[in-house]
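Atoms within each ligand, like the ligands themselves, are counted from 1 in listed order. The figures that follow rest on heavy atoms only: side chains count, while hydrogens, waters and symmetry mates do not.
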Amino acid sequence: MNSVAIYPGTFDPITNGHIDILLKASEVFDTVILAVAENSGKNSYFSIEERTKLCTIATKDIPRVQVKSFQGLVVDFAKTINASVMIRGLRAVSDFEYELQLALMNKKLCKDINTMFLVPDSKYLYLSSSLIKQITQLGGELDEFIPLCVKEALNNKHKILD
Ligand code: ADP
């Protein structure tokens with residue numbers, strides 16, 4: 001049977017930490033759907049179209065990965081794409097409590113979908129989309145942590161907003 005996993009998130013913007021998790025997931029599943037959440041309760045810096053496009057460009061060379069955007073509950077979207085596993089990344093201990101709560105709540109909402117946690121390479125352990133936005137706004141260079149398309153998008157956004 002074709003195994004499908006969903007990797008949901010805000011991806012505002014996608015970083016090399018997210019890509020590291022995707023690469024690991026793509027070695028285990030036949031298909032991994034990177035699912036960009038439209039309304040995650042966060043005010044996003046990039047629009048849903050921009051976030052989805054950046055994810056598509058950044059992952060175009062990873063086999064078995066597709067990018068889609070969704071609205072509403074992630075478990076509902078997971079059912080529509082026949083995903084049986086939800087991938088989440090675990091960085092420092094600080095992620096754990098929130099991620100555990102989310103995993104248990106999602107299990108309650110849909111008993112057929114299990115959460116699988118993957119740990120990134122240690123160089124991405126302290127990397128987050130928020131940190132990337134803050135540092136690039138202050139003029140910092142973070143080439144080793146973000147795809148080139150994200151670097152360009154951040155620079156363009158700053159130019160427009162400055
Ligand atoms: P969300 O708003 O759902 O937390 P994010 O885009 O921030 O969405 O993250 C999506 C998933 O990727 C989460 O499970 C998060 O813990 C994980 N993640 C984010 N950054 C990294 C990273 N540097 N290394 C590994 N996992 C990460």
Side-chain angles (χ1 to χ4, degrees), residues 4-29 31-59 62 64-78 81 83-110 113-137 140-151 153-154 157:
V4 181
I6 180 169
Y7 179 34
T10 315
F11 303 103
D12 188 32
I14 187 167
T15 69
N16 289 351
H18 294 126
I19 293 173
D20 188 73
I21 295 291
L22 260 183
L23 284 166
K24 291 180 164 72
S26 73
E27 284 170 16
V28 180
F29 297 95
T31 307
V32 182
I33 308 286
L34 186 162
V36 188
E38 181 159 356
N39 46 0
S40 63
K42 292 182 181 175
N43 268 336
S44 64
Y45 185 68
F46 287 103
S47 69
I48 180 67
E49 292 79 15
E50 290 169 329
R51 286 182 279 131
T52 307
K53 190 167 178 188
L54 290 173
C55 287
T56 306
I57 299 170
T59 61
I62 310 178
R64 297 179 291 284
V65 169
Q66 296 169 27
V67 175
K68 294 182 191 291
S69 59
F70 74 100
Q71 275 186 318
L73 285 178
V74 64
V75 285
D76 289 341
F77 182 63
I81 55 167
S84 54
V85 172
M86 191 176 309
I87 304 288
R88 296 288 289 177
L90 270 189
R91 288 162 292 184
V93 184
S94 52
D95 274 343
F96 183 75
E97 203 160 324
Y98 171 69
E99 291 292 342
L100 184 66
Q101 200 180 14
L102 204 63
L104 292 173
M105 191 51 80
N106 281 329
K107 184 76 183 168
K108 191 98 192 151
L109 290 168
C110 178
I113 298 174
N114 288 305
T115 300
M116 182 182 281
F117 294 112
L118 291 171
V119 176
D121 192 280
S122 57
K123 70 178 173 202
Y124 303 127
L125 273 183
Y126 295 97
L127 174 61
S128 69
S129 299
S130 343
L131 202 58
I132 291 291
K133 284 176 283 194
Q134 284 169 24
I135 294 175
T136 53
Q137 260 160 11
E141 285 286 321
L142 288 168
D143 291 4
E144 83 183 91
F145 296 115
I146 46 176
L148 185 61
C149 61
V150 169
K151 180 184 172 169
L154 281 164
K157 198 91 164 176

*Can you tell me which residue pairs pass the side chain to side chain donor-acceptor pair (under 3.5 Å) test with a partner in residues 94-108, sequence neighbours excluded?*
R88-E99, R91-D95, K107-N114
*Rounded distance [0.5 Å steps], CD1 in I21 versus OG1 in T15*: 9.5 Å
*Is the closest N or O pair between L127 and ligand 1 shorter than 3.5 Å?*
yes
*Using the side chain to side chain contact (heavy atoms under 4.5 Å, CB included) rule, take F145 and I132 through it: C-alpha gap first, then chi angles, then the decisive distance, then the call.*
CA-CA 8 Å; F145 296 115; I132 291 291; 4.0 Å; yes
_Per atom 11 (C) of ligand 1, closest listed option by heavy atom (F11, Y7, Y98)_ = Y7
*asked:* Please give me the minimum heavy-atom distance between V67 and V36, naming the atom from each residue.
replied: CG1-CG2, 4.2 Å
*Would you mind running through ligand 1 and noting each atom that sits below 4.0 Å from a heavy atom of G89?*
14 (O), 15 (C), 16 (O), 17 (C), 26 (N)
_Heteroatom proximity flag, I21 to ligand 1, N/O under 3.5 Å_ = no
*Geometric N/O contact H18 with ligand 1, under 3.5 angstrom*: yes
*Which pair of heavy atoms, one from F11 and one from A35, lies closest together, and at what distance?*
CE1-O, 3.6 Å
*Output the list of atoms in ligand 1 that are nearer than 4.0 Å to some heavy atom of P8, sorted by atom number.*
10 (C)
*Under 4.0 angstrom from ligand 1, any heavy atom of A37?*
no
_For P120, the ligand 1 atoms whose distance to one of its heavy atoms is below 4.0 Å_ = 24 (N), 25 (C)
_Measuring from atom 27 (C) of ligand 1, which candidate in K123, R88, R91, E99 has the nearest non-hydrogen atom?_
R91
*Short list, please: which atoms of ligand 1 are under 4.0 Å from a heavy atom of D95?*
16 (O)
*Would you check the N or O atoms of T10, main chain and side chain alike, for any that come under 3.5 Å of an N or O of ligand 1?*
yes
_Salt bridge K157-E50, side-chain N to carboxylate O under 4.0 Å_ = yes
*Residue pairs passing the side chain to side chain donor-acceptor pair (under 3.5 Å) test where at least one lies in residues 123-135, sequence neighbours excluded*: D12-K133
*When you measure from the side chain of R64 to the backbone N and O of S26, does any donor-acceptor pair fall under 3.5 Å?*
yes
